[in-house]
Amino acid sequence: MKRLRAAVAALAGVWGTPAEAQRTEENTTREAEDGFGKSVGSESIGIYASGEVRGFSATDAGNNRIEGLYWDRQATITSVIQRGSTVRLGLAAFGYPLPAPTGIVDYDLRRTGKDRVVSVQLNSGDYLGTDLVVDAALPVTETLSVNADFGLYDDEYVNGTGGWYVSYGGVARWRPARTVELTGFFGRYDYGDEEQGPVIFPAGAALPGRVERRLYWGQDWADWAGHAQNGGLIAKASLGKWQIAAGAFQSRFTRDTYHAAYYRDVDARGIGRSVMVAGQDQVAESWSGEIRVSRSFDEGRRRHQLLGSLRGRDVRVGYGGYATVELGTAPIGVSDPQPQPAFAFGPRSRDQVRQTSAAIGYELRWAGLGELNLGLTRSDYRKTIRVPGALPAGQHDQPWLWNAALAITATARLTLYGAATRGLEESGVAPANAENRGQALPALRTRQMEAGLRYALPGGWRLNAAAFEIAKPYFDIDRSDGAYRQLGDVMHRGVEGSLSGAPFPGMSLVAGAVWLRPRVSGQAVADGRLGAKPIGRTSLLVDASADYRVAALPGFSIDGRVTVEGKRIANAANTLSLPARAVIDLGARYRTRVARTPVLVRAQIRNVTDNFAWKVSSGGGFTLQPGRRATLSLTADF
């Protein structure tokens with residue numbers, strides 16, 4: 001029995017702690033371990049998310065995991081089969097084999113509990129969009145369980161656009177033995193009638209003027225349609241001192257029809273050139289996976305672990321063939337309907353990436369003293385670009401990558417750590433306003449160094465803090481020909497911190513902050529063609545969330561969130577910036593039972609002060625930030 005308990009505990013470490021609570025019990029603030037980044041269901045908190053970790057995109061860098069295993073993401077996992085995600089970096093990444101610069105985003109799939117539960121959620125979303133989600137958690141036998149999920153979404157957005165989505169999928173888990181789990185999943189959403197709000201590119205060093213929100217001033221015929229899907233198989237087992245984990249995944253995203261609207265050279269009066277870019281049959285698909293085997297050895301208070309990992313991916317992207325039409329001069333924020341032109345689409349370009357990575361790792365855990373992690377990876381990266389009318393071009397790289405991290409248990413409350421990582425990461429795709437829009441950019445060598453601490457304060461408080469430095473090649477639009485390419489190097493130096501705990505009974509508090517100093521260097525900066533500060537970065541980001549369960553009203557809780565952003569650089573010349581802003585969200589939950597059915601009523605008001613703001617993309621385009629909106633949802637676990 002003792003050996004069995006040990007084996008079960010080891011297996012739990014391989015696949016993580018099961019999250020069996022149903023939708024009426026989901027609460028991001030109470031489940032977050034720190035203030036760096038956590039999502040549960042449709043709600044997220046923290047200073048980081050998959051699109052921004054220490055100023056970079058972990059998703060664009062390819063640092064995605066599904067339940068701890070490497071996954072090359074081309075499409076996001078539909079929320080109906082995904083319970084949530086966690087951003088792992090610093091000490092939170094200890095125990096994750098072979099970490100990468102820019103952090104790791106790990107996604108959790110839904111699990112069943114001991115009882116059969118059908119959760120139904122009806123949500124009045126942003127701007128009165130309506131969602132219906134059904135999750136059936138079905139323990140079929142003692143060893144087999146299934147989650148079957150379905151969602152209908154009629155979404156509305158701040159710029160007056162909208163779209164419909166049909167989402168469906170399922171997760172099946174089988175435990176043929178107590179220490180073996182096999183998981184299969186599939187999730188897909190189809191979308192259509194989805195408009196995209198116009199993107200604004202100012203002519204000078206002035207922000208766009210204020211426009212009316214909830215007014216769509218694009219073209220009625222400029223819709224998007226397509227689908228996104230993910231599927232895969234996962235196997236995890238703990239066989240005594242051996243742990244085995246393997247996963248194989250398919251990810252696919254299509255845009256069957258595509259339209260992007262721009263207003264270029266917008267002057268101080270808000271007048272610019274209206275441009276429409278149209279495309280069809282844009283496809284990105286990948287097959288990826290990982291096999292990882294580890295063996296542990298105990299030696300008194302020391303536990304040694306050796307691991308071997310093999311990762312691979314095959315990515316194929318079809319893009320291009322766009323048609324561009326000038327629609328004339330027009331003011332922004334004003335409806336200007338135009339007849340749909342006859343688009344003449346050209347042939348598409350095709351990119352293919354094949355990459356394999358073989359790695360070995362060593363981990364030492366010394367009770368009461370600390371932890372050591374070492375890893376060495378040999379990667380083989382091959383990329384082929386096939387542009388119509390030109391000979392195929394390619395890139396081949398075989399770098400040695402490594403990671404090293406040391407944590408020291410200084411006292412019973414204090415842990416100190418330092419880490420360094422060199423990686424090969426993706427750099428995303430060229431933005432839609434570039435001449436090479438949609439092109440998959442090359443993989444780049446990156447590095448990160450960091451040092452920090454974790455301190456357990458009296459009263460159950462937890463403090464995490466770190467200083468870091470990340471260096472990568474820098475991409476932007478080259479003004480000489482409009483192509484998006486490497487123009488230099490960028491370095492992010494910063495300090496981050498997280499504080500979480502329960503200041504008094506019923507209250508949960510999670511807060512995070514990061515101060516960042518991003519800088520670009522290279523010939524383009526020296527020549528004055530590019531500013532020293534990268535577009536879209538901010539020097540300060542603060543996120544604080546609190547949840548309070550009112551003792552006098554059983555089942556009732558109130559919550560709030562405050563986010564503060566510093567100024568963001570808004571053009572390549574560094575002559576324009578977005579002002580600092582603060583956003584306040586307030587909400588409440590009421591949990592009760594109707595007969596024997598748990599019910600949750602959730603209400604929120606986001607951006608309570610109705611702060612008006614723009615956001616800027618890495619290419620210098622402006623779109624609207626969401627204004628004040630109210631949401632109300634009703635969830636029942638039958």
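Side-chain atoms of Arg173 and Thr183 include a donor-acceptor pair closer than 3.5 Å. The closest side-chain donor-acceptor pair between Glu285 and Gln74, if any, does not fall under 3.5 angstrom. Side chain to side chain, Thr415 and Thr409 fail the donor-acceptor criterion of an N or O pair below 3.5 Å. Asn373 and Asn403 share no donor-acceptor pair across their side chains, judged by distance under 3.5 Å alone. No side-chain donor-acceptor contact under 3.5 Å links Gln398 and Ser379. Between the side chains of Arg422 and Gln448, no donor-acceptor pair is found at a separation under 3.5 Å. Side chain to side chain, Tyr48 and Glu496 meet the donor-acceptor criterion of an N or O pair below 3.5 Å. Side-chain contact check for Glu371 and Tyr417: no donor-acceptor pair (N or O, by modelled atom type) lies under 3.5 Å.
Remark: Arg65 pairs with no residue by the salt bridge (charged side-chain N to carboxylate O under 4.0 Å, His left out) rule, at least two apart or across chains. By the side-chain hydrogen bond (donor to acceptor under 3.5 Å, both in side chains) test, Ser577 pairs with no residue at all, sequence neighbours left out. With sequence neighbours left out, Ser508 forms a side-chain hydrogen bond (donor to acceptor under 3.5 Å, both in side chains) with Arg30. Applying the salt bridge (charged side-chain N to carboxylate O under 4.0 Å, His left out) rule to Asp72 yields the partners Arg313; only residues at least two apart in sequence or on another chain are considered. Partners of Leu509 by side chain to side chain contact (heavy atoms under 4.5 Å, CB included), not counting sequence neighbours, listed by chain and number: Trp461, Pro503, Ala546. Taking the side chain to side chain contact (heavy atoms under 4.5 Å, CB included) definition, one finds that Ala235 meets it with Leu182, sequence neighbours left out. Scanning for ring pair (Phe, Tyr, Trp, His ring centres under 6.0 Å) contacts around His227 gives an empty result, with sequence neighbours left out. Residues satisfying the side chain to side chain contact (heavy atoms under 4.5 Å, CB included) criterion with Val199, sequence neighbours excluded, are Phe201, Tyr262, Thr623. Every residue two or more places apart in sequence or in another chain that forms a side-chain hydrogen bond (donor to acceptor under 3.5 Å, both in side chains) with Lys472 is listed here: Thr102, Glu425. Considering only residues two or more places apart in sequence or on other chains, Val525 meets the side chain to side chain contact (heavy atoms under 4.5 Å, CB included) condition with Val520, Leu530, Ala532.
Classified by interplanar angle (parallel below 30°, tilted 30° to 60°, perpendicular above 60°), the ring pair Phe185/Phe249 is tilted. The aromatic rings of Tyr191 and Phe253 sit parallel, their planes meeting at an angle under 30°, below the 60° perpendicular limit. Ring orientation note: the planes of Trp614 and Phe622 are nearly perpendicular, at an angle over 60° on the 30°/60° scale.
Salt bridge annotation for Glu290-Arg311: present, with a cationic side-chain nitrogen under 4.0 angstrom from a carboxylate oxygen. Comment: Asp380 does not engage Arg378 in a salt bridge, judged by the lack of any side-chain N to carboxylate O separation of less than 4.0 angstrom. For the pair Arg493 and Glu469, the salt-bridge criterion is met [side-chain N within less than 4.0 Å of a carboxylate O]. A salt bridge between Arg445 and Asp397 is present, with a side-chain N of the basic residue lying under 4.0 Å from a carboxylate O of the acidic one. For Lys38 and Glu43, the salt-bridge test fails: no basic side-chain N is under 4.0 Å from an acidic carboxylate O.
The two residues Gly289 and Tyr70 have their closest heavy-atom pair at O-CD2, 3.8 Å. Closest of all the heavy-atom pairs between Asp135 and Arg23 is CB-NE, 3.6 Å. Heavy-atom minimum distance, Tyr319 versus Val317: CD2-CG1, 3.9 Å. Nearest heavy-atom pair across Glu26 and Arg83 is CG-NH2, 3.9 Å. Contact detail for Gly90 and Arg54: the closest heavy-atom pair is N-NH2, 4.3 Å. Heavy atoms only, all atoms of each residue included: Asn611 and Asn607 are closest at N-OD1, 2.9 Å.
Atom-to-atom distance recorded for Thr446:OG1 and Asp489:CG is 12.0 Å, nearest 0.5 angstrom. Between the CH2 atom of Trp400 and the CG atom of Leu424 there is a distance of 14.0 Å, given to the nearest 0.5 Å.
Contacts classified as salt bridge (Lys or Arg N to Asp or Glu O under 4.0 Å) and involving residues 532-545 (residues at least two apart or in different chains) are given here: Asp543-Arg561. Under the salt bridge (Lys or Arg N to Asp or Glu O under 4.0 Å) criterion, no residue pair touches residues 89-109, with sequence neighbours excluded.
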Please step through side chain to side chain donor-acceptor pair (under 3.5 Å) for the pair Thr538 and Arg568, ending with a clear verdict. CA-CA 5 Å; Thr538 179; Arg568 289 185 184 267; 4.9 Å; no
Show the numbers, then the answer: is there a salt bridge (Lys or Arg N to Asp or Glu O under 4.0 Å) between Lys615 and Glu565? CA-CA 11 Å; Lys615 60 182 176 181; Glu565 296 182 3; over 6 Å; no
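Distance alone, capped at 3.5 Å, places no donor-acceptor pair between the Asn464 side chain and the Leu499 backbone. Side chain of Asp314 to main chain of Ser286: no donor-acceptor pair is present (N/O by atom type, distance under 3.5 Å, no hydrogens or angles). Counting only distance, with no hydrogens or angles, the side chain of Asn436 and the backbone of Tyr484 share a donor-acceptor pair below 3.5 Å. The backbone N or O of Ala75 lies less than 3.5 Å from a partner atom in the side chain of Ser251, making a donor-acceptor pair.
Residues Gln229 and Phe186 are in side-chain contact: their nearest non-hydrogen atoms beyond the backbone lie under 4.5 Å apart. In this structure, Met491 and Ile470 have side chains that are not in contact, with every pair of non-hydrogen atoms separated by 4.5 Å or more. At least one side-chain heavy atom of Leu540 sits less than 4.5 Å from a side-chain heavy atom of Val542.
Two rings, from His396 and Tyr381, have their centers 6.0 Å or more apart.
Atom CD of Gln395 has more than 12 neighbouring heavy atoms from other residues, nucleotides or ligands inside a 6.0 Å radius. More than 12 heavy atoms of other shown residues, nucleotides or ligands fall within 6.0 angstrom of atom CG in Leu416. A 6.0 Å sphere centred on CH2 of Trp402 holds more than 12 heavy atoms belonging to other residues, nucleotides or ligands.
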